[in-house]
Undergrad: 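Can you read through this structure? Questions will come right after.
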Protein chains: 2
Amino acid sequence: MVGMTDTAQQKLRAQPRLTRQDGSPIRIVVVDDEQSLADLVAMGLKYEGWDVKTAANGQQALQAVREFRPDAVVLDIMLPDIDGLTVLQRLRSAGFDVPVLFLTAKDSLDDRVAGLTAGGDDYVTKPFGLEEVVARLRGLIRRTATAAEESSVLWVGDLMMDEDSYEVRRGGKQIDLTATEFELLRYLMRNPRRVLSKAQILDRVWSYDFGGRASVVELYISYLRKKIDTLGPPMIHTVRGVGYQLRAAE
Amino acid sequence: MVGMTDTAQQKLRAQPRLTRQDGSPIRIVVVDDEQSLADLVAMGLKYEGWDVKTAANGQQALQAVREFRPDAVVLDIMLPDIDGLTVLQRLRSAGFDVPVLFLTAKDSLDDRVAGLTAGGDDYVTKPFGLEEVVARLRGLIRRTATAAEESSVLWVGDLMMDEDSYEVRRGGKQIDLTATEFELLRYLMRNPRRVLSKAQILDRVWSYDFGGRASVVELYISYLRKKIDTLGPPMIHTVRGVGYQLRAAE
DNA sequence: ATAGCCTATGCGCATCCTGTGCGTCTCCTT
DNA sequence: AAGGAGACGCACAGGATGCGCATAGGCTAT
């Protein structure tokens, strides 16, 4: 990837890649006792070009942070040994300011977790979609000094998305999106001009435990079209037998 | 191949060959319990100039990866001993980040396959065409750090193909292709100036279980001509009794 | 009660392939 | 050298398939 010609990169990746201040890759520690889930998240983050270490319990987590000095931590609340919130506490008292993204089951959504965002941390409820985890992590990292600055605003042609305020506009006109529509559009806007298969979209935007068919993607694409493509020349294009593509109208 | 002069190589292969960072050939492990299919794929990949090892079950697969350190793995889901997805999991737990291309029957495309592309892995449904397998593998490898840089854009004369955005242009003018037309043109563009027989094309572009006649190739060549050769001097040439050739107009 | 997420169903049409027929090149025969 | 038969390549038309889309409706969480 290092020496890849700018032109080829640029064309597909209009958005700059998030890196540390010195340009080296973002580092993340993923903590979950369920091996397969930790691996899933880890692979998803590596796909972003980030460096990832995994840990299976609180002890390993603390050690991993000490050694690896990550830019953020993905931390399951339920751990076999030390409670996730206690891990956070110990990290803080040891002087680590690294932001933490918690993973928590929806029903056990503790009141204590709700107060996390005040401290600069954040949480995501299981089951989650990978895009959401990545987006939350980018948000956390962006708000700290560890990363090269990056705006929270995405642009594709005259289409704008502010990931922080959840605002979407096309040519100044505001667009109301549901949560799922927003996630889908974000994925498309992060990969402009690139043809994304329904399987890819399903895997990235929908939760890992979603058993349904790929036809939901068609449905939500049609929703987006009604809200976006009606405001100007079409931007969402079907590549029959392959997938969908978002690009600026010529 | 060994003693072949560089010039002869160059003439036939205008596109840079995908290699590892040190210039040595890409290494692949192919896992399928059906011997003939594993051999078919292996031969196809060797033809790309890659190093290939085959394995017939999960145990052998794990061992082969340990010893051979491939840049990617082609892995059948249905294996006699260990399930393909379990093989993936074991590889990940053992710390192998090697990307995996799964082979799966279309009807048994079960939910477990979901989540694969999120981690950077991918899959192809049986029956498949060799070109598709090779293209997917190149995509997987290109996205990892193990390979020397390669762009997703092919050029032959004023004809351009972007494999990521599925964009095809001749002299700036956009060309719409169907999936099969695209596959065929990709094969031609990867082998410019080289005369490809109908049998070769059939073997590479169409599925291995395709029973039809070679006349489909003629048909699709005629489609491509209508879309490409009408935009300038002809680039697709018939070598009667031998095959077809794509080359830049002088 | 409402908004949002998803499933189910049916339809239209792009795409893929087969079949047929015709023109032309090749090569064999005389 | 001329003629002819067969092979080869190409054009065109028609039919089957399945992909993508629209619509309706049920379920759930707020």
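All chains are named by letter (A, B, ...) in the order of the sequence lines, taking the proteins before the strands, and each is independently numbered beginning at 1.
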Undergrad: Taking OP1 and OP2 of dC5(C), is either one under 4.0 Å from a side-chain nitrogen or oxygen of Trp206(A)?
TA: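 So the side-chain polar atoms of Trp206(A) never come under 4.0 Å of the phosphate oxygens OP1 or OP2 of dC5(C).
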Undergrad: Would you say the side-chain atoms of Arg92(B) and Thr54(A) include a donor-acceptor pair closer than 3.5 Å?
TA: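 On atom types as modelled, these side chains do not qualify, holding no pair under 3.5 Å.
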Undergrad: Under 4.0 Å between a side-chain N or O of Thr178(B) and OP1 or OP2 of dC16(C)?
TA: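 Yes, Thr178(B) has a side-chain N/O under 4.0 Å of OP1/OP2 on dC16(C).
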Undergrad: Strictly under 3.5 Å: I want the nitrogen or oxygen pairs between protein and nucleotides 14-20 of chain D, one per line.
TA:
unit_1  : atom_1 : unit_2    : atom_2 : d
dC19(D) : O2     : Arg240(A) : NH2    : 2.9
dG20(D) : OP1    : Gly241(A) : N      : 2.5
dG20(D) : OP2    : Lys198(A) : NZ     : 2.6

Undergrad: Which residue pairs pass the salt bridge (charged side-chain N to carboxylate O under 4.0 Å, His left out) test with at least one member in residues 33-44 of chain A, sequence neighbours excluded?
TA: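 Those involving residues 33-44 of chain A do not exist here.
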Undergrad: What is the separation between atom NZ on Lys227(B) and atom C1' on dA14(C), rounded to the nearest whole Å?
TA: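 One finds 10 Å between C1' of dA14(C) and NZ of Lys227(B), rounded.
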Undergrad: From CZ of Phe210(A) over to P of dG4(C), roughly how many Å is that when rounded to an integer?
TA: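 Atom-to-atom, Phe210(A) to dG4(C), this comes out as 18 Å.
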Undergrad: Can you tell which of Val133(B), Asp209(B), Thr104(B) makes a side-chain contact (heavy atoms from CB on, under 4.5 Å) with Phe128(B)?
TA: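 Answer to the side-chain contact (heavy atoms from CB on, under 4.5 Å) test with Phe128(B) among Val133(B), Asp209(B), Thr104(B): Val133(B).
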Undergrad: Can you measure Leu224(B) atom CG to dC10(D) atom P for me and round it to whole angstrom units?
TA: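 The distance from CG of Leu224(B) to P of dC10(D) comes to 12 Å, rounded to the nearest Å.
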Undergrad: Met161(A) and side-chain contact (heavy atoms from CB on, under 4.5 Å): which single residue from Val153(A), Leu185(A), Val156(A) fits?
TA: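 With Met161(A) as partner, side-chain contact (heavy atoms from CB on, under 4.5 Å) holds for just one option, Leu185(A).
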Undergrad: For the residue pair Lys227(A) and Glu181(A), establish whether any side-chain heavy-atom pair is separated by less than 4.5 Å.
TA: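 Side-chain contact under 4.5 Å: yes.
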Undergrad: In whole angstroms, how far is the P atom of dG9(D) from the CG atom of Leu196(B)?
TA: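 For the pair Leu196(B) CG and dG9(D) P, the rounded distance is 14 Å.
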Undergrad: Between atom CG in Leu202(A) and atom C1' in dT7(C), what is the gap in whole Å?
TA: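 Distance check: Leu202(A) CG to dT7(C) C1' gives 14 Å.
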Undergrad: Take the protein atom CZ of Phe182(B) and the nucleotide atom C1' of dC16(C), then report the distance between them rounded to whole Å.
TA: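 After rounding, the gap between these two atoms is 18 Å.
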Undergrad: Looking at dA11(D), dT7(C), dT18(C), which one has an atom nearest to any side-chain atom of Val216(A)?
TA: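 Taking heavy atoms from C-beta onward, the closest nucleotide is dT7(C).
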Undergrad: Rounded to the nearest 0.5 Å, what separation is found between the CH2 atom of Trp155(A) and the CZ atom of Arg169(A)?
TA: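 CZ of Arg169(A) is found 9.5 Å from CH2 of Trp155(A).
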Undergrad: Atom CD1 of Ile221(A) to atom C1' of dA22(D): distance rounded to whole Å?
TA: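 Whole-Å distance recorded here is 15 Å.
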Undergrad: Between P on dA11(D) and OH on Tyr220(B), what's the gap in Å once rounded to a whole number?
TA: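 Distance check: Tyr220(B) OH to dA11(D) P gives 15 Å.
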Undergrad: Quick check on side-chain contact (heavy atoms from CB on, under 4.5 Å): which of Val242(B), Val205(B), Leu184(B), Leu188(B) does Leu196(B) satisfy it with?
TA: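 Looking at Val242(B), Val205(B), Leu184(B), Leu188(B), the match for Leu196(B) under the side-chain contact (heavy atoms from CB on, under 4.5 Å) is Leu188(B).
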Undergrad: Using a 4.0 Å heavy-atom cut-off across all strands, classify Leu219(A) as base, sugar-phosphate, or nothing.
TA: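 Leu219(A): base contact, heavy atoms under 4.0 Å.
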